[in-house]
Amino acid sequence: MTFLALDVGNTRLKWAHYATPAAGSPLLAHGAVFLENIDKLADEEWCDLPAPSLILGCIVAGDAVKRRVEEQMEFWDVVPRWVVPSVQEAGVSNGYDHPARLGADRWVAMIGARQRLLARGVRKPCVVVMVGTAVTVEAIDASGKFLGGIILPGHGIMLRALESGTAGLHVPTGEVKDFPTNTSDALTSGGTFAIAGAVQRMVENTTRHCGEAPECIMTGGAGWKMGPSMSIEFELVEGLIFDGLLEIASRRFPVEA
């Protein structure tokens with residue numbers, strides 16, 4: 001029983017085809033396309049892909065994009081399912097004021113992070129960082145309760161905001177420096193340090209609340225850029241949302257699995 005996992009973000013659609021909907025399942029194929037190229041999936045990346053038995057996805061890009069994705073899967077005659085955050089799932093409880101309003105990507109990433117730690121026998125608080133178009137930083141306690149999280153702009157949004165709101169800042173992307181001495185480096189360093197500082201603050205908040213330092217897991221397309229500038233230890237995981245989708249699928253569809 002093959003399983004297709006979908007991660008549809010604000011910029012790209014990422015997909016992974018697994019042998020079964022279970023944690024640790026062999027990866028058969030994977031890929032990624034920018035949202036403007038979604039309409040080519042059926043004729044290109046997915047044209048030779050065997051029809052999956054189950055499709056589960058996570059989407060934050062909106063209903064219009066979801067319809068376009070679903071149109072590309074019609075030739076398989078498999079109805080895709082989409083994760084909607086709930087009060088509790090896969091060992092994680094949702095502390096959001098309105099659980100269903102939590103971003104699906106944030107919810108699935110937290111489930112993936114917690115299960116990743118439990119698989120290693122680690123039962124500690126966790127801070128989950130996703131660095132993409134936007135940056136999210138979530139806190140989970142040792143029991144699996146989502147305590148809360150923050151959202152801030154990613155590098156690109158920060159730079160575009162400064163360029164549009166400040167005269168004379170249309171400059172090339174620079175490098176991260178401890179003491180920038182040109183505008184390009186100053187902009188790049190400022191955005192990077194803002195993200196690193198937000199993560200550090202959430203780690204401190206979680207430590208104070210839980211009484212012990214959390215594990216920190218980072219994911220997202222721009223996560224690798226943050227590594228050299230982080231002041232705390234962290235684990236960089238490329239497919240954290242896929243980890244979460246596998247865990248959810250294994251629990252929702254145990255008979256089919």
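Only this structure's heavy atoms are used, side chains among them; waters, hydrogens and symmetry mates stay out. Heads up: numbering here begins at 1 and tracks the sequence.
- Side-chain contact check for His155 versus Ile195: some heavy-atom pair is nearer than 4.5 Å.
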TODO: Go through the steps to decide whether Ile55 and Trp15 satisfy the test side-chain contact (heavy atoms from CB on, under 4.5 Å), and finish with yes or no.
DONE: CA-CA 10 Å; Ile55 302 172; Trp15 60 272; over 6 Å; no
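- Contact of the Ser86 side chain with the Trp107 side chain is registered, since non-hydrogen atoms from C-beta on lie closer than 4.5 Å.
- Thr188 places a side-chain N or O within 3.5 Å of a backbone atom of Gly174 that can act as its donor or acceptor partner.
- Between Val33 and Lys40, every side-chain heavy-atom pair lies at or beyond the 4.5 Å cut-off.
- With contacts defined as side-chain heavy-atom distances shorter than 4.5 Å, the pair Met73/Leu41 does not qualify.
- In this pair, Trp46 and Trp76 present their aromatic rings tilted. The plane angle is within the 30 to 60° band.
- Arg68 places a side-chain N or O within 3.5 Å of a backbone atom of Leu35 that can act as its donor or acceptor partner.
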Could you go step by step and tell me if Met130 and Ile241 meet the side-chain contact (heavy atoms from CB on, under 4.5 Å) rule?
CA-CA 10 Å; Met130 286 198 295; Ile241 285 182; 4.0 Å; yes
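- Atoms CG and NE2, on Leu49 and His17 in that order, are 5.0 Å from each other to the nearest 0.5 Å.
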Review point. Please walk me through it: do Glu71 and Arg67 pass salt bridge (charged side-chain N to carboxylate O under 4.0 Å, His left out)?
Key: CA-CA 6 Å; Glu71 288 172 358; Arg67 286 193 293 272; over 6 Å; no
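- Remark: the backbone N or O of Ala22 is not paired with any side-chain donor or acceptor of Ser250 at under 3.5 angstrom.
- With hydrogens and angles ignored, the 3.5 Å screen pairs a side-chain donor or acceptor of Ser189 with a backbone N or O of Lys177.
- Between Arg123 and Leu117, the closest side-chain pair of non-hydrogen atoms is not below 4.5 Å.
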